[in-house]
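Below is one structure, written out as structure tokens; comments come after it.
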2 protein chains.
Amino acid sequence: MKFIESKQNPLFKQWLKLNTRKARKQSKTFIVDGLRIVEHALESGLIETIVMSESYHQKVAFTFDVQVYVVPDQHFKLLIETENPQGILGIVKEPELPLKSGKILYLDGIQDPGNMGTLIRTADAAGFSGVVLRSGCTDPFNQKALRSSMGSILSIPLILNDDLSYLRNCNTKIYAAALENGVNYRHINYPDESVLIIGNEGNGISDEVLELADQRIYIPMIGAVESLNASIAGGILMFEMQKSCT
Amino acid sequence: MKFIESKQNPLFKQWLKLNTRKARKQSKTFIVDGLRIVEHALESGLIETIVMSESYHQKVAFTFDVQVYVVPDQHFKLLIETENPQGILGIVKEPELPLKSGKILYLDGIQDPGNMGTLIRTADAAGFSGVVLRSGCTDPFNQKALRSSMGSILSIPLILNDDLSYLRNCNTKIYAAALENGVNYRHINYPDESVLIIGNEGNGISDEVLELADQRIYIPMIGAVESLNASIAGGILMFEMQKSCT
């Protein structure tokens, strides 16, 4: 255990920078917040460093196989975006899990970090093989998205795909969730290998992505509502696609 | 149109108080944010007053059948919890829509305002007849919940029920979403009149509510995930319960 007193400490400054997407991308590391996800990251072998607040360190008697730093409570708070952080965080390497064949969730322009994390968590729960993120999506490694993902980000393969190469090279059936010109999502037998595309919260799927889809699907709505929240639509569709398994 | 210059104006002070649950409860009014939901509230006849920021008022040429007040931009911001408000809000009466028979969503201890709003929006989209909220739930009329509900709060009957009387007097089949001792949610034919109970994000449904359920149901999960987000689980179950209609 090492104690870091000053905010000017180079390591501390480096951690603080991880609150920006740019620094996360360059270093391929990010911060996970709270004991539960820290333990999860330890199991995955992805953790580089653990940081604790002073008062948290005084309360607990854990030992870890990685370097632990302790910082004053008021400095710790700068590293975490929640108001009342637990007092333990991990600096974690981006997992690089290979995408296996199976059902894939493809996200096009998801902007809300809560939706991002929830969609990743739900894809994991539905037994999807991975999630592909087109550029334009919010960063899955920001703290809000990570909290909503409840650790799934460490266990399900996640591919950041800048162009449309993934969809273009995809030999499996591609389904796009769209409000218009689609088939009722319940009237389809989804093959074991298929892709589900979910689009932006306000504008849906962009035209160039929609063009690559084999089939548009929609969820019929009864009330006066115009649309479903993106992660709700994703959840309903993913669990329908896995029907044969459940 | 009337211009209110001072934050000390009694009307302005009254609006400001509507950011507390207590004042909303006492006055049975709440604030809706943005033109779209203001128009929706106008159609429902529920709106009492419209308030605009000065710069919004200069840009637009709408006329409304209710009293419009204009306040300086910096005062307007105090009334709205989002960082960049559009500049128009409505003071709206709590709708008192009667609960009809059909499928009902019963919420027990939902704490996250985003989940609250999303569950109400999804219940509306799935054609549920209403939502019953047990005390202990977060306020559905706070601004975050209202934003997530996308206006559904004005169209679907919402009953705040302090004790368990609703469930006790309920003659229809009651299903509780629970992780243990349940039946696969797909293996049930849900009758036209039935209740779905969704519980707290961390702790699930409380014991006294669970006791009143006729059947526990669960969503089988494949990945390493322990549970689904409460509003995702609610969405999947509500659309399954409405299968016969879609």
Side-chain angles (χ1 to χ4, degrees), chain A residues 36 40 43-44 102-103 112-115 117-130 144 147-157 184-187 201-202 218-240 242-246, chain B residues 36 40 43-44 102-103 112-115 117-130 144 147-157 184-187 201-202 218-240 242-246:
Chain A
R36 195 166 152 172
H40 189 35
E43 283 164 26
S44 324
K103 298 208 168 77
D112 180 79
N115 280 341
T118 303
L119 282 162
I120 292 168
R121 174 183 178 186
T122 310
D124 195 11
F128 270 47
S129 302
K144 175 98 170 56
R147 266 198 306 285
S148 300
S149 96
M150 295 287 276
S152 284
I153 232 161
L154 303 175
S155 42
I156 189 170
N184 184 326
Y185 77 113
R186 287 197 188 274
H187 300 165
E201 288 87 349
Y218 78 101
I219 302 171
M221 279 171 278
I222 299 173
V225 182
E226 284 170 32
S227 66
L228 291 166
N229 165 289
S231 56
I232 298 289
I236 293 169
L237 295 173
M238 285 190 270
F239 274 86
E240 181 69 19
Q242 287 293 34
K243 189 161 63 171
S244 51
C245 312
T246 59
Chain B
R36 195 166 154 175
H40 189 35
E43 283 164 27
S44 324
K103 297 207 168 79
D112 180 79
N115 280 341
T118 303
L119 282 162
I120 292 168
R121 173 183 180 186
T122 309
D124 195 9
F128 270 48
S129 301
K144 174 96 171 58
R147 264 198 308 284
S148 300
S149 97
M150 296 286 276
S152 284
I153 232 162
L154 304 174
S155 43
I156 188 170
N184 184 326
Y185 76 114
R186 288 197 188 271
H187 299 166
E201 288 87 349
Y218 78 100
I219 302 171
M221 281 172 277
I222 299 171
V225 183
E226 285 170 31
S227 66
L228 290 165
N229 166 289
S231 56
I232 298 290
I236 293 168
L237 294 173
M238 284 191 272
F239 273 85
E240 180 70 20
Q242 287 294 36
K243 188 162 62 171
S244 51
C245 312
T246 60

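In what follows, chains carry the letters A, B, and so on, assigned in the order in which the sequence lines appear, proteins first and then strands, with residues in each chain numbered from 1. Predicted model, so just to flag it, every value in this text is computed and none were measured.
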Heavy-atom cut-off 4.5 Å, strictly under: side chain, backbone, both or neither for A:Thr118 against chain B?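 Only the side chain of A:Thr118 comes within 4.5 Å of chain B.
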Heavy-atom distance under 4.5 Å to chain B: side chain of A:Ile156, backbone, both or neither?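 Neither part, no heavy atoms under 4.5 Å.
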Would you say B:Asn229 and A:Thr122 make side-chain contact, with heavy atoms under 4.5 Å?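 No, side chains not in contact.
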Check each atom of B:Ser231 against the heavy atoms of chain A and say whether the ones under 4.5 Å are side chain, backbone, both or neither.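 For B:Ser231, heavy atoms of backbone and side chain both lie under 4.5 Å from chain A.
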Under 4.5 Å from any heavy atom of chain A, what part of B:Ile219 do you find: side chain, backbone, both or neither?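 Answer is side chain: those atoms of B:Ile219 sit under 4.5 Å from chain A.
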Got a second to check how far B:Ile232's CD1 is from A:Ser148's OG, nearest 0.5 Å?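 Going from CD1 on B:Ile232 over to OG on A:Ser148, the span is 10.0 Å.
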Roughly how far, to the nearest 0.5 Å, is the CD1 atom of B:Ile222 from the CE atom of A:Met238?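 Here the rounded value is 11.5 Å.
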With the threshold set at 4.0 Å, does a side-chain nitrogen-carboxylate oxygen contact exist between B:Arg121 and A:Glu226?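 Salt bridge: no.
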Identify the two heavy atoms, one from A:Phe239 and one from B:Met221, that lie closest to each other, and give their separation to 0.1 Å.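 Heavy atoms only, the tightest pair is CZ-CG, 4.4 Å.
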Using every non-hydrogen atom in the two residues, find where B:Ser152 and A:Val225 come nearest and quote the distance to one decimal.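 Answer, listing the atom of B:Ser152 first, then A:Val225: OG-CG2, 3.4 Å.
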For chain A, find which of B:Ser227, B:Ala233, B:Gly235 contributes the most heavy-atom pairs closer than 4.5 angstrom.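 Of the options given, most contacts go to B:Ser227.
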